[in-house]
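Have a look at the structure below before the remarks.
Any value given below was found using the heavy atoms of this structure, including those in side chains, with hydrogens, waters and symmetry copies removed. Fair warning: this is a prediction, and the values are worked out from it, not measured in the lab. Just so it is clear: chains get the letters A, B, ... in the order the sequence lines come, proteins before strands, and each one is counted from 1.
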2 protein chains.
Amino acid sequence: MANGQAEDRPLTRIQQKNRQTILDAALEVFSQNGFRGSTLDQIAEVAGLSKPNLLYYFPSKDAIHAQLMATLLDTWLHPLRALDADGDPVAEIMAYLRRKLELSRDFPRESRLFANEILQGAPRMKAALEGELRTLVDEKAAVLRAWAAAGKIADLPPHHLIFSIWALTQHYADFEVQVRAVLGEDHDPYAEAQGFLDTLFRKLLAP
Amino acid sequence: MANGQAEDRPLTRIQQKNRQTILDAALEVFSQNGFRGSTLDQIAEVAGLSKPNLLYYFPSKDAIHAQLMATLLDTWLHPLRALDADGDPVAEIMAYLRRKLELSRDFPRESRLFANEILQGAPRMKAALEGELRTLVDEKAAVLRAWAAAGKIADLPPHHLIFSIWALTQHYADFEVQVRAVLGEDHDPYAEAQGFLDTLFRKLLAP
DNA sequence: TTGCCGTTTGACCTTTCGATCAAATCCACG
DNA sequence: CGTGGATTTGATCGAAAGGTCAAACGGCAA
């Protein structure tokens with residue numbers, strides 16, 4: 001058996017390491033150039049492997065991208081899942097905001113990979129958006145609506161409230177070049193964003 | 001003289017029409033696939049012209065993209081330029097917000113083209129970001145700071161206030177697929193966004 | 001030491017890409 | 001008309017793309 005893929009034998013140490021190396025390189029390249037704009041040669045060079053060796057571990061360029069996508073949405077939604085209907089409303093939302101901003105700061109490549117996919121019409125993720133994502137958002141939107149009805153937070157359209165958290169946090173990762181170009185050298189974008197967004201949402205959520 | 005490019009003779013009617021057709025097709029294709037992910041064949045097909053014919057009107061793929069970029073930043077910054085230091089502070093900011101949202105609604109392809117460029121590290125626009133853009137933003141930031149100092153609006157970091165307007169409005173164009181996937185059929189994203197963002201910024205700006 | 005199997009790679013295939021060019025076609029003007 | 005410049009395109013080029021393959025390599029068990 002040549003390819004580690006076929007039949008689900010447990011992965012050897014080398015396989016595990018190299019698959020991870022490849023996925024990491026692919027994340028780097030795909031997040032910067034998009035799927036169609038990236039080449040196997042680029043990924044191979046970043047990974048420090050030969051192109052045929054890449055295709056020894058993954059059957060195709062698509063398969064590498066698909067593997068990244070499979071992990072991505074889950075990582076990306078995890079903070080929202082943690083929003084607890086039984087917690088303190090404002091505190092829960094502020095905690096979600098903070099986790100999302102940390103995700104942008106610590107995993108900007110993942111953010112940009114996601115942005116690339118959506119920008120291009122989500123050809124490989126549309127189903128997940130209309131299924132998994134929509135279900136989760138609807139569920140949390142109901143929680144927000146209940147909090148608003150109980151007078152715990154301001155009465156706002158819950159979906160758009162969630163969008164605003166996404167937009168404001170992801171902006172700092174996806175448009176990082178622009179943010180840095182505008183702010184110049186003597187700024188810490190994420191630290192400042194944290195303070196600003198904290199203020200913004202506290203004002204917004206006050207009933 | 002074969003190529004309409006060399007020497008700046010006035011453009012014929014046909015040249016004007018075809019150059020515009022090509023730029024429009026290129027906007028469509030580049031905004032969806034990014035520069036490296038787009039091909040001349042795609043653009044040619046959308047434009048309804050042959051590939052050599054494209055290259056009769058523009059010397060290269062790069063030149064088409066460059067032409068789009070040259071127009072883009074100006075279009076994109078126009079609403080901010082209109083922010084008037086002598087107007088009513090809250091009204092001026094709300095008007096800017098509305099114009100920016102209308103830009104997202106009416107020119108989503110331009111928004112996505114811009115987003116693609118920034119996402120990829122702004123290789124063809126970095127200079128403009130650090131020059132023209134930064135200068136304009138700094139200038140308007142000073143206006144916002146003055147308004148805050150005069151107690152006309154809340155005291156907020158002006159650059160981040162501007163970022164928040166960009167992020168929140170452009171999100172509806174750049175992430176449109178996601179917005180629609182989450183909201184489902186029976187929603188008018190932009191109409192709802194207008195109401196929500198109006199509320200958000202009125203609350204935020206209140207001193 | 002040797003044999004086996006997982007791993008690596010150089011060479012190569014086909015397709016697609018950006019670009020070129022000569023020939024064909026179109027069109028406005030005299 | 002008819003002619004000259006503007007416009008269009010089929011054929012083609014070299015480079016780069018994704019992917020294949022057989023041969024070479026490496027390390028561990030017997």
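In this structure, A:Lys61 forms a cation-pi arrangement with A:Phe35, its terminal cationic atom sitting closer than 6.0 Å to the ring centre and no more than 45° off the ring axis.
For the pair A:Arg112 and A:Glu176, the salt-bridge criterion is met [side-chain N within less than 4.0 Å of a carboxylate O]. With respect to B:Lys51 and B:Glu45, no salt bridge is recorded, no charged nitrogen being found less than 4.0 Å from a carboxylate O. Salt bridge annotation for A:Arg109-A:Asp24: present, with a cationic side-chain nitrogen under 4.0 angstrom from a carboxylate oxygen.
When distances run from any side-chain atom of B:Asn53 to the nucleotides C:dA19, D:dG18, D:dT8, the shortest one goes to D:dT8. Distances from the side chain of A:Pro52 to the nucleotides C:dT20, D:dG19, D:dT20 place D:dT20 closest. Distance from the side chain of B:Thr39 is smallest to C:dG18 among C:dT20, C:dG18, C:dT7. Distances were taken from every side-chain heavy atom of A:Leu40 (C-beta onward) to each of C:dC17, C:dT20, D:dG19; the shortest belongs to D:dG19. Of the listed nucleotides (D:dG19, D:dA17, C:dG18), C:dG18 has the atom at the smallest distance from the side chain of B:Asp41. Here the side chain of A:Ser50 is nearest to one of C:dT9, C:dG18, D:dG18, namely C:dT9.
Put simply, NZ on A:Lys61 is 14 Å from P on C:dT16, counting in whole angstrom units. The interatomic distance linking A:Ile43 (CD1) with D:dA17 (P) rounds to 11 Å, in whole Å. In this entry the distance linking NZ of B:Lys51 with C1' of C:dC21 reads 14 Å, nearest Å. Whole-Å rounding puts the B:Phe58 CZ to C:dG18 P distance at 15 Å. Rounded to whole Å, atom P of D:dA15 lies 19 Å from atom CD of A:Gln42. The CD1-C1' distance, from A:Ile22 to D:dG19, rounds to 15 Å in whole Å. Atom CG in A:Leu54 sits about 15 Å away from atom C1' in D:dT20, given to the nearest Å. In this entry the distance linking NE2 of B:His65 with P of C:dG18 reads 13 Å, nearest Å.
Phosphate contact (OP1/OP2 of C:dT8, side-chain N/O of A:Asn18, threshold under 4.0 Å): present. Under 4.0 angstrom from either OP1 or OP2 of D:dC21 there lies no side-chain N or O belonging to A:Tyr56.
The aromatic rings of B:Phe163 and A:Tyr172 sit perpendicular, their planes meeting at an angle over 60°, well past the 30° parallel limit.
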